[in-house]
Asks: 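Here it is, the structure in full.
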Amino acid sequence: QVQLVESGGGLVQAGGSLRLSCAASGRTDSAYGTGWFRQAPGKEREFVGAITWNGGCTYYVDSVKGRFTISRDNAKNTVYLQMNSLKPEDTAVYYCARRSVRWEETALGRTNEYDYWGQGTQVTVSS
């Protein structure tokens with residue numbers, strides 16, 4: 001069993017920054033990587049980016065590329081999402097999830113390829 005807990009969300013003005021954390025506990029040794037998703041009110045859950053288990057590779061969707069950075073500290077079993085230059089359209093609940101299948105860039109956004117999810121943390125960007 002794996003538990004994922006996100007933290008670090010909050011209210012920030014446009015142009016500001018936040019760093020989200022995703023702390024994992026339990027059996028994490030079989031992870032293929034970690035993904036970040038977000039869901040705004042009335043919208044479907046959207047893939048944001050992902051990082052491999054060893055941190056050697058990351059992937060971002062175009063809308064956050066150059067503004068968001070994913071990193072990890074395996075000694076702490078924690079994955080981070082650094083968000084800079086935030087925009088009102090970044091407002092959403094952010095979720096981290098453990099990837100359960102091998103890394104494949106064209107498939108990183110498939111929610112059914114992640115087996116454990118956190119409860120989410122709210123990010124609100126005011127204009």
Asks: Could you list all the disulfide (SG to SG under 2.5 Å) pairs where at least one residue sits in residues 44-78, not counting sequence neighbours?
Replies: none

Asks: Determine, for D90 against K87, whether the closest basic-nitrogen to carboxylate-oxygen distance falls under 4.0 angstrom.
Replies: no

Asks: Just by modelled atom types, is the R67 backbone N or O under 3.5 Å from a matching donor or acceptor in the Y60 side chain?
Replies: no

Asks: Sequence neighbours left out, what pairs pass salt bridge (Lys or Arg N to Asp or Glu O under 4.0 Å) with at least one residue falling in residues 39-53?
Replies: R38-E46

Asks: With sequence neighbours left out, what residues match V5 under side chain to side chain contact (heavy atoms under 4.5 Å, CB included)?
Replies: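 V5 satisfies side chain to side chain contact (heavy atoms under 4.5 Å, CB included) with Q119 once adjacent residues are dropped.
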
Asks: How would you list, by chain and number, every residue that makes a side chain to side chain contact (heavy atoms under 4.5 Å, CB included) with S126, sequence neighbours excluded?
Replies: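 Here the qualifying residues are L11, Q13.
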
Asks: For S71, check side-chain hydrogen bond (donor to acceptor under 3.5 Å, both in side chains) against everything at least two apart and list the hits.
Replies: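 With sequence neighbours excluded, S71 shows a side-chain hydrogen bond (donor to acceptor under 3.5 Å, both in side chains) to no residue whatsoever.
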
Asks: Does T121 reach the side chain of Y95, with side-chain heavy atoms less than 4.5 Å apart?
Replies: no

Asks: Enumerate the disulfide (SG to SG under 2.5 Å) contacts for residues 98-127, please, sequence neighbours excluded, ordered by first and then second residue.
Replies: none

Asks: Would you please name every residue forming a side chain to side chain contact (heavy atoms under 4.5 Å, CB included) with V12, sequence neighbours left out?
Replies: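 If we apply the side chain to side chain contact (heavy atoms under 4.5 Å, CB included) test to V12, skipping adjacent residues, the hits are L18, L86, V125.
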
Asks: Run the side chain to side chain contact (heavy atoms under 4.5 Å, CB included) test against A107 and tell me which residues pass, sequence neighbours left out.
Replies: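 Scan of A107 (side chain to side chain contact (heavy atoms under 4.5 Å, CB included), adjacent residues dropped) gives R99, E104, R110, E113.
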
Asks: Which salt bridge (Lys or Arg N to Asp or Glu O under 4.0 Å) pairs, counting each pair once, include a residue from residues 69-83, with sequence neighbours left out?
Replies: none

Asks: How would you list, by chain and number, every residue that makes a ring pair (Phe, Tyr, Trp, His ring centres under 6.0 Å) with F47, sequence neighbours excluded?
Replies: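 If we apply the ring pair (Phe, Tyr, Trp, His ring centres under 6.0 Å) test to F47, skipping adjacent residues, the hits are F37.
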
Asks: Are side-chain heavy atoms of M83 and V123 found at a separation under 4.5 Å?
Replies: yes

Asks: Would you indicate whether the side-chain heavy atoms of V79 and W36 approach each other to under 4.5 Å?
Replies: yes

Asks: Should side-chain heavy atoms under 4.5 Å link Ile, Leu, Val, Met, Phe, Trp and Tyr, which residues sit in the same cluster as L4?
Replies: V2, Y116

Asks: By side-chain hydrogen bond (donor to acceptor under 3.5 Å, both in side chains), which residues pair with T52, not counting sequence neighbours?
Replies: N54

Asks: For Y80, run the side chain to side chain contact (heavy atoms under 4.5 Å, CB included) check against S21, C96, C22 and tell me which one passes.
Replies: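 Looking at S21, C96, C22, the match for Y80 under the side chain to side chain contact (heavy atoms under 4.5 Å, CB included) is S21.
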
